2 protein chains.
Amino acid sequence: MSTRTPDPGVPPDYDPSQFPAFAVTVDVVVLTVRDARLHVLLVRRGVPPFEGMWAIPGGFKRPEETLDEAARRELLEETGVEGASLRQFGAYGDPGRDPRMNVVTVAYFAVLREVDRIAGGTDAAAAGLVPVSYALGGEIQLAFDHARILRDAVERVRVDLALTDVATSFVGPTFTLAELRSVYEAVWGVHLDGANFRRSVLSEEGWVVPTGRRARPGAAGGKPAELYRAGRMWQHGGPLRYPQATPTTRGTR
Amino acid sequence: MSTRTPDPGVPPDYDPSQFPAFAVTVDVVVLTVRDARLHVLLVRRGVPPFEGMWAIPGGFKRPEETLDEAARRELLEETGVEGASLRQFGAYGDPGRDPRMNVVTVAYFAVLREVDRIAGGTDAAAAGLVPVSYALGGEIQLAFDHARILRDAVERVRVDLALTDVATSFVGPTFTLAELRSVYEAVWGVHLDGANFRRSVLSEEGWVVPTGRRARPGAAGGKPAELYRAGRMWQHGGPLRYPQATPTTRGTR
DNA sequence: AGGGTAAGAGTCGTGTCGACTAGAACTCCC
DNA sequence: GGGAGTTCTAGTCGACACGACTCTTACCCT
């Protein structure tokens, strides 16, 4: 059946019985903040192509599951983590991206708070947390077009930080304002004044809710910080705007 | 699909020779502003399933083209338009979304300035410009999961309006500030003060560049407006922020 | 006990932005 | 042709957001 179906308004090549077959995969860019730097979870490939190179974990979508479910399943299989924030950010289907066949991949990013064994669900020797600056700076070669996918994921997270509740996904159920601030600083690569950050986040009820408990100070001492949990206002965007090209005072300092 | 491949670090079901086959399509949400309201280009389906219902134009991706190229080709086939702003915003692969087979669609939106025969490339009787409020408000039933896709597209354009140069794609190569302002008002559904809008856009060099020519006033008369063209600063985001929940003056008025 | 450190409270000044007013430039109609 | 109506353009005012900065509080360590 052919390109001449008596079907006005529908593309002529729209033929349900004859279509190019693709493999559909989901790739999950797992991000976390460790030592005040943004890290990504990568796996080392054990088979060609790109054998020995690092890659973003992923796998085939199954016909009976949604894309979101496939991403959630892959995240569980690769990291043993459930219930993390998962967001789709792009699809990639360049003809030569997988030399073996036609593959279209739908990319997600997942944000985790740092846990001890983040790659507990998979072979630990073949998975590792890598600083994003390494993976994008050329120190590490990524398989397929995964460098581009990672770059897009990081860019998306940067934008989402100001627009969604993704910042709270980097931290645990309770957190200090310094912890939350370090998320913004790591992802945006900026320095934020602690007092001003505090004012912004506490300016309105609903961003964070004090728990009454306090965190233990670090080894360096200092006043113990209040522990907060995330409020409900994050549904409507975050409390911080991306610091625009330093509209700072010109004369001073 | 051998779940026991001797391959550590790679998902166990990663077998290039056996994988579920999917059809991959691209759908293009064509948006424009007409009569100060956001409109979407829809086509009427002539065959089952969803015969007679409106749908977002789209078609199969070919193995030898990228997703972007497929979207550009579909846009050309459906509207006869080339060189429009095209951006990918989502992928949709729910199991039952096409009753005939497993289809994963990658969705793009394209923004056009209003032209007379916007659907010149396809059968005009089966394509039409519909107000987005109709298509999303229930007045019109959309085929497949296209209502969700359209909703996501509009939401993405709303966000992109503040973050990208998409606003200038709604207008022609030269435009008045009132035309540009009406884009923001139509997409965001807000009223913007003309003088303040002017100040924001002209506050910095690079957003818009005066051409020296003036537009002819409308039928109602009025001072003829200066014609501008888009500058280069839009690469770094738009000059306007989305008006947050009326932080307007409380006491005054 | 005292110094070091980080949390938390508060001040100051500047820039942004909405609301508003007034003038300029044009069309339409009588 | 002159007034009314409309739109563009310029400018003012006040509220508020935000960066920079200072000071106090509360804990750790020696």
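This one's a predicted model, so the numbers in the text were calculated from it and none came from an experiment.
The two atoms that bring A:A230 and A:F175 nearest to each other are N-CE2, 3.6 Å, heavy atoms only.
Summarising the geometry, the separation between OH on B:Y242 and P on C:dG18 is reported as 13 Å, rounded to the nearest angstrom. Between A:R216 atom CZ and D:dC27 atom P there is a gap of 14 Å when expressed in whole angstrom units. Between the P atom of D:dT9 and the CZ atom of B:R181 lies a distance of 11 Å, rounded to the nearest Å. Here C:dA7 presents its P atom at 12 Å from CG of A:L227, a figure rounded to the nearest Å. Here D:dG19 presents its C1' atom at 11 Å from CG of A:L192, a figure rounded to the nearest Å.
Remark on DNA chain D: of its neighbouring residues B:E179 and A:K223, the 5'-side contact belongs to B:E179, judged by nearest-heavy-atom nucleotide. Comparing A:D193 and B:D193, the nucleotide of DNA chain D nearest to each residue sits closer to the 5' end for B:D193. For B:F197 and A:A178, each mapped to the nucleotide of DNA chain C holding its nearest heavy atom, the one lying further toward the 5' end belongs to A:A178.
Of the candidate nucleotides C:dC20, C:dG8, C:dC17, C:dC20 has the atom lying nearest to any side-chain atom of B:A195. Nearest to the side chain of B:N196, among C:dG8, C:dC26, C:dA19, sits C:dA19. Each of D:dC8, D:dC27, C:dG8 was ranked by its minimum atom distance to the side chain of A:P224; first place goes to D:dC27. For A:P217, whose side chain is taken as the heavy atoms from C-beta onward, the closest listed nucleotide among D:dC28, C:dG8, D:dT9 is D:dC28. Of the candidates C:dA7, D:dT9, D:dC18, D:dT9 carries the atom nearest the B:E226 side chain, counting heavy atoms from C-beta on.
Counting distance only, with no hydrogens placed and no angle test, the side-chain atoms of B:R199 and the base atoms of C:dG18 include a donor-acceptor pair under 3.5 Å.
Within the model, atoms CG of B:D165 and CG of B:D160 stand 9.0 Å from one another, a figure rounded to the nearest 0.5 Å. Distance CG/B:L192 to CD/B:E185: 5.0 Å, rounded to 0.5 Å. Note: A:S182 OG to A:L177 CG = 11.0 Å, rounded to the nearest 0.5 Å.
In this pair, A:F109 and A:F89 present their aromatic rings tilted. The plane angle is within the 30 to 60° band.
Here A:R214 reaches the OP1 or OP2 of C:dG8: one of its side-chain N or O atoms lies under 4.0 Å away. Contact check, B:R198 against D:dT7: no side-chain N or O comes under 4.0 Å of OP1 or OP2.
Each end of the helix from C:dA1-D:dT30 to C:dC30-D:dG1 yields a helix axis from five base pairs, and these two axes differ in direction by 10° (to the nearest 10 degrees).
Comment: A:R73 engages A:E77 in a salt bridge, judged by a side-chain N to carboxylate O separation of less than 4.0 angstrom.
For the pair B:R37 and B:Y134, the cation sits on the ring face: its NZ or CZ lies under 6.0 Å from the ring centre, inside 45° of the axis.
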